[in-house]
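What you see is a predicted model, and the numbers here were worked out from it, not measured in a lab. Numbering starts at 1 and runs along the sequence shown.
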Amino acid sequence: MTEGRLRALASRDFRRFLIGLFISIIGTQMQRVAVAWQMYQLTGSAVSMGLLGLARVTPVLLFAVGGGVLADAFDRRRMMLVTQSALALSSVGLATLTYTGHVSPAVVYGAVALSGLASAFDAPARGSLVALLVPRADLPNALSLNGVIFELGTVIGPAVGGLLILSL
């Protein structure tokens, strides 16, 4: 396993990171499909679904540079624990409000914006953490594997989300 295309997987910490990343990306993508569907169910408007993207990306554009600075200044693992916890709390809050019938378009936009804010700090911490998990010689391989896992998750997640909605 330490030869060739998979040599970075020899690092136990990197393997764990990659598995967690894969699960997180699939979940995030499934949530995006579900939230878009929920918004359409709430409003019947394709425009309000499109505005979800604006609510998600605006905090990223405003805070990503600051997220990178903080990732360089603080412990990246702790930063990811905080950001991943914020992402989970946003999801649980939205799910709870939906289940109890207290969800509204404004709540959905707020949850999406909170997730975007957390992502603005999470992505730089996550990206720079890879270099700490593998030997320097394995870094190009680790970054390639990281990219493959990210792309797989962004394809599999929406597909699974769509299938789950279809089954309802």
Side-chain angles (χ1 to χ4, degrees), residues 1 5-6 8-9 11-64 67 77 79-127 129-130 133 142-168:
M1 181 177 291
R5 295 183 185 136
L6 304 176
L9 295 176
S11 166
R12 179 181 60 97
D13 290 340
F14 180 68
R15 281 193 313 269
R16 288 180 174 177
F17 172 80
L18 220 52
I19 290 166
L21 176 66
F22 189 56
I23 292 167
S24 177
I25 290 170
I26 288 174
T28 298
Q29 295 301 320
M30 288 172 59
Q31 180 186 26
R32 286 182 180 174
V33 169
V35 167
W37 179 252
Q38 180 179 37
M39 183 60 79
Y40 188 74
Q41 293 293 307
L42 288 170
T43 66
S45 166
V47 172
S48 41
M49 288 173 55
L51 290 174
L52 287 170
L54 182 63
R56 182 179 298 111
V57 77
T58 300
V60 173
L61 292 174
L62 293 174
F63 296 103
R77 292 175 188 180
M79 192 167 162
M80 280 189 62
L81 285 172
V82 170
T83 58
Q84 289 292 311
S85 296
L87 288 164
L89 286 173
S90 172
S91 297
V92 168
L94 186 55
T96 301
L97 291 170
T98 298
Y99 182 74
T100 61
H102 293 95
V103 73
S104 68
V107 167
V108 174
Y109 287 128
V112 167
L114 178 61
S115 293
L117 179 62
S119 295
F121 294 92
D122 183 72
R126 183 180 350 109
L129 188 61
V130 173
L133 300 175
L143 292 172
S144 294
L145 290 170
N146 187 62
V148 167
I149 289 298
F150 187 86
E151 294 303 323
L152 279 173
T154 59
V155 170
I156 293 170
V160 172
L163 288 173
L164 287 173
I165 288 171
L166 182 65
S167 71
L168 296 176

Check: [Y] and [X] side chains under 4.5 Å, non-hydrogen atoms:
| X | Y | answer |
| --- | --- | --- |
| V33 | L164 | no |
| S104 | V107 | yes |
| F14 | L145 | yes |

Minimum-distance pair of heavy atoms, taken over all atoms of [X] and [Y]:
| X | Y | value |
| --- | --- | --- |
| S48 | S45 | OG-O, 2.9 Å |
| A86 | A118 | CB-CB, 4.0 Å |
| S90 | A111 | OG-O, 3.0 Å |
| G157 | M30 | O-CG, 3.1 Å |

Rounded at 0.5 Å granularity, tell me how far [atom1] in [X] sits from [atom2] in [Y].
| X | Y | atom1 | atom2 | result |
| --- | --- | --- | --- | --- |
| D122 | Q84 | CG | CD | 4.5 Å |
| M49 | T43 | CE | OG1 | 8.0 Å |
| R12 | L133 | CZ | CG | 10.5 Å |
| L87 | L114 | CG | CG | 7.5 Å |
| N146 | R126 | CG | CZ | 7.5 Å |
| L52 | R32 | CG | CZ | 10.5 Å |

Passes side-chain contact (heavy atoms from CB on, under 4.5 Å), M39 versus V112? Steps please. CA-CA 11 Å; M39 183 60 79; V112 167; over 6 Å; no
Would you please test F22 and I26 for side-chain contact (heavy atoms from CB on, under 4.5 Å) and show each step? CA-CA 6 Å; F22 189 56; I26 288 174; 3.5 Å; yes
